[in-house]
Amino acid sequence: MSNVAQLIRNYPTPANGVALFWLGNSGFAFRAGNGQVIYIDPLLSDAVYGVNRWQRLQPPPFRPAEADCDLLLITHGHADHLDPDSVPGIAQVTRAPIAAPPSCVGRMVQ
């Protein structure tokens, strides 16, 4: 696991608090005081270049294979939110449920 993914998982969050981490672009991770980690729209690959020819503004903080979350939330189907490389990669290394709008489901089922 990368240092950033470990930092998020192990961050000393107060019992009644929430820690917020920016994952780049529109992606965020939240760590609740109970230890639960939630990723929202993690863009952990360069897939947006392959899909839209968009260059990343910063490197990903860690690879999808290094992810460690308890819930994965996807807000909508644009490639910089529903990353076609990150979502399957995260699903392979975690047992995190994925919550997404119905319009995204067909793009996530392989």
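Numbers here are sequence positions counted from 1. Quick note: numbers below take in every heavy atom, side chains included, and nothing from hydrogens, waters or symmetry partners.
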V4 reachable from L44 in the ILVMFWY side-chain graph, under 4.5 Å edges: yes
How many angstroms lie between atom CG of D70 and atom CZ of R95, to the nearest 0.5 angstrom? 12.5 Å
Side-chain donor-acceptor contacts of residues 29-36 below 3.5 Å, not counting sequence neighbours, with atom names and distances?
| unit_1 | atom_1 | unit_2 | atom_2 | d |
| --- | --- | --- | --- | --- |
| R31 | NE | R9 | O | 2.8 |
| R31 | NE | Y11 | O | 3.3 |
| R31 | NH1 | Y11 | O | 3.2 |
| R31 | NH1 | T13 | OG1 | 3.3 |
| N34 | OD1 | Q36 | N | 2.9 |

Minimum heavy-atom distance between C104 and G77, given as atom pair plus value: SG-N, 3.5 Å
Minimal heavy-atom distance between C69 and A96, with the atoms involved, is O-CB, 3.5 Å
Would you compute the distance between atom OG1 of T94 and atom CG of L71 and round it to the nearest 0.5 angstrom? 9.5 Å
Consider only side-chain heavy atoms of I, L, V, M, F, W and Y, link residues closer than 4.5 Å, and tell whether I98 and V37 are in one cluster. yes
Once you round to the nearest 0.5 Å, how far does CG of N10 lie from CD1 of I8? 10.5 Å
Distance check, rounded to the nearest 0.5 Å: S103 atom OG versus I74 atom CD1? 11.5 Å
By the definition side-chain contact (heavy atoms from CB on, under 4.5 Å), identify the one residue from P61, S86, P60 that meets it with L23. P61
Shared ILVMFWY cluster between L7 and F62, side chains joined below 4.5 angstrom? yes
Which residue pairs pass the side chain to side chain donor-acceptor pair (under 3.5 Å) test when at least one of the two sits in residues 17-27, sequence neighbours left out? N25-Q58
Would I40 and F21 show up in the same hydrophobic cluster when neighbours are defined by side-chain heavy atoms closer than 4.5 Å? no
NE2/H78 to CG/D41 distance, rounded to the nearest 0.5 angstrom? 11.0 Å
I90 CD1 to D83 CG distance, which is reported to the nearest 0.5 Å: 8.0 Å
